[in-house]
Enquirer: 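Once you've had a glance at the structure underneath, I'll fire off some questions.
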Amino acid sequence: MGLSTYIQFFFQGMTNGGIYSLVALGFGIIYSSTGLLNFAQGEFVMLGGILTYAYHSLLSLPLSLAVILAVFSVGIVAGAMERLTLYPMRHLSVHGRILITLGVTLTIEALVFVIAGTDIFYVPPFTSDEPIKFLGASVLPQTIWILAVGFVVMTGLATFFRFTLMGQAFLACAINRDAARMVGINAEWSSLIAFVIGGVLGGVGGALIAPVSAPSYDMGVGVALKGICAAVIGGIGNPIGAVVGGFILGLIESYSIAFISSGYKDGVALFILILILMLKPSGIFFTRET
Amino acid sequence: MGKNEKIYLSVFVACLLVFPLAVQAKYAMNIMIFIGIDAIMAVGLSLLFGYTGQLSICQGAFMGLGAYTTAILNTKLGLSPWLGLVAAAIVPGLLAYPIGVGVTRVRGFYLAVATLAFAEIITLLLEECRELTMGWQGIPGIANVSLFGFVLNTSQRYYYLVWVIAVLIFIFSRKVVSHRVGRALRALRLNEEAARCLGIEAVSFKVRIFVLSAVYGGIAGALYAHHLTYIAPADFGIWASITPIIIIAVGGERTVWGALVGSFILRMLDESLKIYLGLPELRVLFYALGLLFVLMFLPDGVLGLFSRSKENNKGSFLSQVKESLTDNSRS
């Protein structure tokens with residue numbers, strides 16, 4: 001295989017990897033804060049894409065505004081999910097609440113199915129459709145957007161957690177909820193914030209990937225599974241691990257299309273997930289979960 | 001088994017025997033057959049989740065493995081469906097063992113994720129290994145089951161096959177949980193560390209129950225294959241794994257009978273929705289909302305309304321209502 005083909009697959013992998021990183025980050029933040037595995041994370045991505053389509057094509061808003069509104073809307077959906085279904089059941093066992101996230105996942109998927117059917121929705125690329133030539137490979141401009149926006153989002157999150165009071169309070173709740181309460185932090189808000197952030201991350205990922213891979217009602221579960229895979233590879237709860245895990249997963253997937261047939265590409269990721277769960281569930285990186 | 005339980009069981013079996021004589025319609029028979037198959041799938045999950053607290057999202061995959069095992073043995077090798085049934089019970093069990101061992105020693109949440117991944121892999125393999133499984137088109141022409149030359153090719157006859165197997169599986173499962181193993185499992189669920197201190201080997205019990213749930217899934221799959229005589233990978237996807245979860249959430253995860261009650265309720269609901277709503281999209285939405293409703297308001301399922309809750313030391317919900325209505329003197 002020539003160098004340019006390798007590079008081609010590399011960028012393909014980075015494109016998907018960026019999205020997986022965002023999803024894995026979302027999983028990690030929610031898990032650190034609430035101990036829950038949020039199955040609905042994939043639905044947030046799906047909604048990000050579909051709402052971008054809805055705001056742009058159906059309401060004729062300019063694309064940039066549509067994206068921002070879509071992300072904002074998904075954040076609201078995530079917050080509503082937490083307040084309406086998880087907060088009232090906060091005394092239920094972790095397993096029970098994970099099942100509730102599964103219920104919400106199915107509900108969102110079913111709702112979109114009812115409204116939109118099995119259609120897939122075309123979202124135009126943020127800038128142009130013309131691939132950029134780089135060392136003989138064709139790179140979509142959207143890929144640059146994904147990597148750039150992803151970088152900005154992650155830096156923004158890191159800044160939020162490190163330098164703002166709210167971010168610090170949130171981290172405190174994630175590390176030890178009761179201790180945080182004792183110093184006067186309102187721990188009930190941390191779950192809500194976690195879900196809203198998770199929703200925003202998912203929504204951003206969905207809006208970014210929509211021009212590349214048109215969203216449909218049933219893409220949520222697959223995305224969630226990939227995100228879980230990335231989070232487990234990197235170590236769930238570990239933000240750097242989530243990002244690295246996402247890109248590793250994207251690259252593994254991309255190169256397995258190259259070396260094995262494309263039908264099996266999902267299988268490779270899943271197989272690696274199972275291997276890691278069985279051999280080293282804490283992931284490649286050390287996790288700081290208690 | 002308690003005395004009340006034996007009475008309920010006998011009444012139930014009697015109804016089962018009489019039902020086909022009273023109701024001749026093929027439609028009703030078919031529904032009952034599917035209820036039986038659903039119930040067998042759900043019992044395995046109920047043992048796993050209700051008694052060990054482990055959530056498995058791959059019952060559909062085990063069902064698929066069972067169905068395809070018997071289908072392939074039957075259509076490609078011409079073997080008898082009975083052999084297929086036995087093989088269908090064994091193959092998923094064998095696969096479940098390494099997965100169970102590998103994953104049950106970590107927290108239950110990892111089991112859920114691993115089983116979900118496993119289910120997706122199986123679906124993928126079923127679609128991709130075309131020489132063996134004929135890909136997404138599925139396998140047609142699976143033979144009917146025959147017993148000493150008596151072919152079970154009508155719904156009525158198949159009904160008896162399914163329910164004989166189902167009742168046997170239920171009684172066996174009930175014995176499993178009322179025995180020492182059952183008490184061990186319940187102890188594990190309540191507090192794993194304390195149970196370990198008492199010498200209960202967490203890992204081996206969990207693995208055994210996981211394998212058992214896989215075996216049940218395989219049996220259900222074989223029964224499914226020989227009933228429909230045509231299977232495709234789409235039958236055994238995520239939805240097939242989620243349905244048993246909904247069933248035990250609705251019916252009650254605390255006892256084995258919850259799987260039975262849940263299967264009845266779910267299938268009846270499905271058929272009613274089919275008749276009155278028609279649109280498949282709305283049906284899925286109803287299921288999803290129904291699951292949420294049950295999880296939030298009926299955490300012990302329908303059977304939970306009737307049973308005494310040992311953990312709270314209160315009566316069941318209904319008996320508490322009765323108490324509050326009739327008791328005037330409590331201060």
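Just so it is clear, the model here is predicted, and its values are computed rather than measured. Note on naming: letters A, B, ... go to the chains in the order of the sequence lines (proteins, then strands), and numbering restarts at 1 for each one. Computation of the quantities below employed the complete heavy-atom set of this structure, encompassing side-chain atoms and omitting hydrogens, waters and symmetry-equivalent molecules.
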Enquirer: Against chain A, work out which of Ile121(B), Ile238(B), Leu289(B) has the most heavy-atom pairs shorter than 4.5 Å and name it.
Expert: Ile121(B)
Enquirer: Measure distances from Phe271(A) to the heavy atoms of chain B and classify the residue's part below 4.5 Å as side chain, backbone, both or neither.
Expert: both
Enquirer: For Phe27(A) and Tyr20(A), what are the C-alpha separation, side-chain angles and deciding distance, and is it a ring pair (Phe, Tyr, Trp, His ring centres under 6.0 Å)?
Expert: CA-CA 10 Å; Phe27(A) 270 121; Tyr20(A) 298 152; over 10 Å; no
Enquirer: Need one label for Ile100(A): side chain, backbone, both or neither, based on atoms under 4.5 Å from any heavy atom in chain B.
Expert: both
Enquirer: Need one label for Leu86(A): side chain, backbone, both or neither, based on atoms under 4.5 Å from any heavy atom in chain B.
Expert: neither
Enquirer: Measure distances from Leu111(A) to the heavy atoms of chain B and classify the residue's part below 4.5 Å as side chain, backbone, both or neither.
Expert: both
Enquirer: Relative to chain B, which segment of Val104(A) carries a heavy atom at a distance below 4.5 Å: side chain, backbone, both, or neither?
Expert: both
Enquirer: Other residues, nucleotides and ligands only: do more than 12 of their heavy atoms fall within 6.0 Å of CG on Leu84(A)?
Expert: yes
Enquirer: Would the number of heavy atoms belonging to other residues, nucleotides or ligands and lying under 6.0 Å from CH2 of Trp189(A) be above 12?
Expert: no
Enquirer: Do the ring centers of Phe293(B) and Phe286(B) come within less than 6.0 Å of each other?
Expert: no
Enquirer: For Leu273(A), is it the side chain, the backbone, both or neither that has a heavy atom under 4.5 Å from a heavy atom of chain B?
Expert: side chain
Enquirer: Tell me which of these, Gly290(B), Ala249(B), Ala117(B), has more heavy-atom pairs under 4.5 Å with chain A than the rest.
Expert: Ala117(B)
Enquirer: For Phe9(A), does its backbone N or O pair with a side-chain atom of Ser254(A) as donor and acceptor, under 3.5 Å?
Expert: yes
Enquirer: Pair Leu106(A), Tyr287(B) - check side chain to side chain contact (heavy atoms under 4.5 Å, CB included), show working.
Expert: CA-CA 8 Å; Leu106(A) 292 177; Tyr287(B) 271 151; over 6 Å; no
